[in-house]
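Structure, as structure tokens:
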Amino acid sequence: MSGKSLLLKVILLGDGGVGKSSLMNRYVTDRFDSQSFHTIGVEFLNRDLEMDGRLVTLQIWDTAGQERFKSLRTPFYRGADCCLLTFAVDDLQSFQNLGCWKKEFMYYSDVRDPERFPFVVLGNKVDKEEREVGEDEARAWCEENGCCPYFETSAKDDTNVGAAFEAAVRGVLASEDPTDHTLLSSSIDLHGNRKVARSSCC
Ligand SMILES: Nc1nc2c(ncn2[C@@H]2O[C@H](COP(=O)(O)OP(=O)(O)OP(=O)(O)O)[C@@H](O)[C@H]2O)c(=O)[nH]1
Ligand SMILES: [Mg+2]
């Protein structure tokens, strides 16, 4: 296994309140807060994982879904390797807005190859009894919008959260030349302090 870690930037988009911050926190810290506050602007957390013998550092960017924060979040779309479009299954409007989120991402991210860019769709809050969006309906949207993978998740119950983020990594590794990505290498200095050096391979 290579000692260098591939740095992948994934970005969580979707309406305010669908659970983006909760999904990121569940995946990175394995915690859930039933009283979480709306995000202002963007926040990010890293998680290391191993996929098919490769070390990957997943840099998860969590954005504010509320419209009033649009100008704070859009500058962070550039350089994303994958976009996780998120809605809540108990909120029809958040599902109907998926197309707008995709458009907003495409407009501001300026991706090199829009046809091949990997999206993953997450229908969150499946632990809730009352649903406004059926699984079939969500899968049909994904089929019509580039056949992106779909996951029914619950940040609360930890349902499919890891699977969704891992699908994002698989999507990136399958869609692009992985040598395009930034490599992080661990090195030891002469004084014995461990440091992380950032180096680009291209
Ligand atoms: N039942 C249930 N509640 C959830 C789930 N995920 C998030 N929530 C709750 O939904 C509310 C909003 O969650 P957030 O994670 O803050 O939503 P967000 O998408 O980050 O919202 P913005 O930051 O405004 O864009 C909080 O009260 C969470 O506790 C889930 O899977 N199930
Ligand atoms: Mg948030």
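Quantities reported herein were computed from a predicted structural model and do not represent experimental measurements. Numbering of ligands and ligand atoms starts at 1, following listing order. Positions are given from 1, in the same order as the sequence printed here.
- Aromatic rings of Tyr107 and Tyr77 (six-membered ring for Trp) have centroids beyond the 6.0 Å cut-off, not under it.
- Counting backbone and side-chain atoms alike, Ser36 contributes no N/O/S atom closer than 2.8 Å to the Mg ion (ligand 2).
- With a 4.5 Å cut-off on side-chain heavy atoms, Asp15 and Phe87 do not count as touching.
- Near ligand 1, residues Asp15, Gly16, Gly17, Val18, Gly19, Lys20, Ser21, Ser22, Phe32, Asp33, Ser34, Ser36, Phe37, His38, Thr39, Thr63, Ala64, Gly65, Asn124, Lys125, Asp127, Lys128, Ser154, Ala155, Lys156 each place a heavy atom inside the 4.0 Å sphere around the ligand atoms.
- Annotation: salt bridge (Lys or Arg N to Asp or Glu O under 4.0 Å) contacts involving residues 23-34, sequence neighbours excluded, comprise Arg26-Asp30.
- Because the distance cut-off is set at 2.8 Å, Thr39 qualifies as a neighbour of the Mg ion (ligand 2) through one of its N, O or S atoms.
- Looking only at atom types and distance, the side chain of Asn160 has no donor-acceptor partner in the side chain of Thr153 under 3.5 Å away.
- Lys156 has its side chain out of reach of Lys125: every pair of non-hydrogen atoms, C-beta onward, lies at least 4.5 Å apart.
- The salt bridge (Lys or Arg N to Asp or Glu O under 4.0 Å) analysis of residues 157-172, with sequence neighbours excluded, yields the pairs Asp52-Arg170.
- Residue pairs meeting the salt bridge (Lys or Arg N to Asp or Glu O under 4.0 Å) criterion with at least one partner in residues 101-110, sequence neighbours excluded, are Arg73-Glu104, Arg78-Asp110.
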